[in-house]
> 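My questions all concern the structure below.
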Amino acid sequence: MKIGLVGLPNVGKSTLFNALTSAGALASNYMFSTKEANIGVVQLPDYRLDKLCELYDTKSRVSASVEFVDIAGLVRNSSKGEGLGNQFLSYIRNVNAILEVVRCFGDENVMHVDGAVDPVRDAKTIKDELAFSDLEILEKRIHTLSKTVQGAAADEKAHLAALIKARDSLYDGVSLYAAEFSEQELAVLAPYNLLTFKQILYCANVDEEHAAAGNEHSDALKAYISEFEPNNEMIIICAKYEAEISDFGEEDKLELLGGIGLSESGLNKVIRKSFELLGLITFFTAGKKECRAWEIRNGTRAQHAAGKIHSDFEKKFIRAEVTKFDKLVEAGNDVRAKELAFTRVEGKEYVIEDGDVVYFRVGA
């Protein structure tokens, strides 16, 4: 999974990136301190994988991972060359989701590019700049295809029609993830990696005092999202505090977070909400040699899940032996799980569920 971080300058974007990845990216109180894209990969914490490794006394533990991409701050008219952010939007065109950091803290020592804290205005600015960036791509392609549409094949005319529909949606203020497209239209638009097709997880960056319940700024942002961006989600994080404790061990970190009224880290919040937003779940393969977590779309059938491991597994799929994680732990091992009938034999149409521990049987 790949997540792109966007936001105005000086909203705490690079600070949050450091908190999530411990990458040590430059975070300064001046605009455009991020001069190039920062990339960090994080192994996803999952107590279930830890338990499976314990049960199987496994030699190798492979977590699911997420790649975070932090780009320079966007400003109003970035699409027209203002600032630096527009130069780096190409870095996040292939991400799965966008994490938009919105400043919801007041600090006279940290300048705001627009003079004052206003999260709704800032969210609208970013929405506009992402849309303008997509419109530039669409307009150029529409202009090119329009020259040859006379006498063109039906599929080329359909291609142009899909582009025009996407363009018109953006002009109407509708992000593409919220617009309705047919499967054929989606197939046409997919290769363009348009930014407004990506769901957004808004991160209300507050000060330490309001890390647990938020403040009037995060409340205003939440109300805006609820009314105008209902397909998206918001979380509250104090990026500064998260970055300060990022090097502590997990137990110490949880104790420190508990001291300000939090029960989980910002990383866990981001991952949990991102999985919900993208409709992702985790299944596991487990054995003495390796225990591994796999991310798939909710609703994925067993045969296609097998293809996540190897394309040959999908082609030569015979059956899946499935044990629920909790039942496997209750049994203590896979042999006992079979004796207790906790393990089920499923065919290719079985829909994998979150937490399934699966052994795939495949042909030679």
> Would you give the length of the straight line joining atom OG1 of Thr343 to atom CG of Leu328, rounded to the nearest 0.5 angstrom?
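The OG1 atom of Thr343 sits 7.0 Å away from the CG atom of Leu328.
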> Is the NZ or CZ atom of Lys327 both under 6.0 Å from the centre of the six-membered ring of Phe342 and within 45° of that ring's axis?
yes
> Looking at Asp354 and Arg48, is there a salt bridge between them, counting it only when a charged N and a carboxylate O are closer than 4.0 Å?
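The answer is yes: the pair qualifies as a salt bridge.
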> Above 12 or not: heavy atoms from other molecules or residues under 6.0 Å from NZ of Lys165?
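Enclosed: over 12 neighbouring heavy atoms sit under 6.0 Å from NZ of Lys165.
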> Treating Lys308 as the side-chain partner and Glu295 as the backbone partner, does any N or O pair qualify as donor plus acceptor under 3.5 Å?
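The answer is yes, because a donor-acceptor pair under 3.5 Å joins these two groups.
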> Between Tyr241 and Leu256, is there a donor-acceptor pair closer than 3.5 Å when you use the side chain of the first and the backbone of the second?
yes
> Are Asp134 and Arg93 close enough for a salt bridge, meaning some N to O gap below 4.0 Å?
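Arg93 and Asp134: salt-bridged.
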> Is the shortest heavy-atom distance from the side chain of Arg103 to the side chain of Asn205 under 4.5 Å?
no
> Can you list the steps and then say if Val270 with Phe68 is a side chain to side chain contact (heavy atoms under 4.5 Å, CB included)?
CA-CA 11 Å; Val270 170; Phe68 291 100; 4.0 Å; yes
> Is a donor on one side and an acceptor on the other found under 3.5 Å between the side chain of Asn232 and the backbone of Ile200?
yes
> Using a cut-off of 6.0 Å, state whether more than 12 heavy atoms not belonging to Glu349 lie near its atom CD.
yes
> Rounded to the nearest 0.5 Å, what separates atom CD in Glu229 from atom CG in Leu221?
10.0 Å
> With a 4.0 Å cut-off, would you call Glu139 and Arg167 a salt bridge?
yes
> Is it true that, when you exclude Lys253 itself, more than 12 heavy atoms of the residues, nucleotides or ligands shown sit nearer than 6.0 Å to its NZ?
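More than 12 heavy atoms, drawn from other residues, nucleotides or ligands, come within 6.0 Å of this atom.
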> Identify the two heavy atoms, one from Ala162 and one from Leu189, that lie closest to each other, and give their separation to 0.1 Å.
O-CD2, 4.0 Å
> Supply the atom-to-atom distance Ile260 CD1 to His210 NE2, rounded to the nearest 0.5 angstrom.
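Atom-to-atom, Ile260:CD1 and His210:NE2 are 12.0 Å apart.
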> Indicate whether the side chain of Arg292 and that of Thr58 have a donor and an acceptor atom separated by less than 3.5 Å.
no
> If we ignore hydrogens and angles and just use 3.5 Å, is the side chain of Lys324 paired with the main-chain N or O of Gly355 as donor and acceptor?
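No, because the side chain of Lys324 does not come within donor-acceptor range (under 3.5 Å) of the backbone of Gly355.
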> Any side-chain heavy atom of Leu130 within less than 4.5 Å of one from Ile98?
yes
> Quick one, Val69 with Lys2, criterion side chain to side chain contact (heavy atoms under 4.5 Å, CB included). Give me CA distance, side-chain angles, the key distance, then yes/no.
CA-CA 8 Å; Val69 183; Lys2 294 183 179 181; 5.6 Å; no
> For Ala302 and Gly347, work out which heavy atoms get closest and say how close.
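Smallest interatomic distance, heavy atoms only, reads CB-O, 3.6 Å.
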> Are any non-hydrogen side-chain atoms of Leu138 and Tyr192 less than 4.5 angstrom apart?
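Leu138 does not reach Tyr192 side chain to side chain.
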> Kindly determine whether Asp70 and Lys13 satisfy side chain to side chain contact (heavy atoms under 4.5 Å, CB included), including the steps that lead there.
CA-CA 7 Å; Asp70 171 35; Lys13 186 167 50 61; 2.8 Å; yes
> How are the rings of Trp294 and Phe283 set to each other: parallel, tilted or perpendicular (split at 30° and 60°)?
parallel
> With respect to Lys198, which candidate in Leu176, Asn94, Val95 satisfies the side-chain contact (heavy atoms from CB on, under 4.5 Å) definition?
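Result: among Leu176, Asn94, Val95, Val95 is the only option passing the side-chain contact (heavy atoms from CB on, under 4.5 Å) with Lys198.
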> With a 6.0 Å cut-off (strictly less than), is the heavy-atom count around CD of Glu255, excluding the residue itself, greater than 12?
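Incorrect, the count does not exceed 12.
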> For salt bridge (charged side-chain N to carboxylate O under 4.0 Å, His left out), just list the numbers for Glu321 and Arg361, CA-CA rounded to whole Å, side-chain angles, deciding distance to a tenth of an Å, and then say yes or no.
CA-CA 8 Å; Glu321 297 176 4; Arg361 297 284 183 180; 2.9 Å; yes
> Measure across Ala212 and Gly261 and return the closest heavy-atom pair with its distance rounded to 0.1 Å.
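The pair with the smallest heavy-atom distance is CB-O, 3.8 Å.
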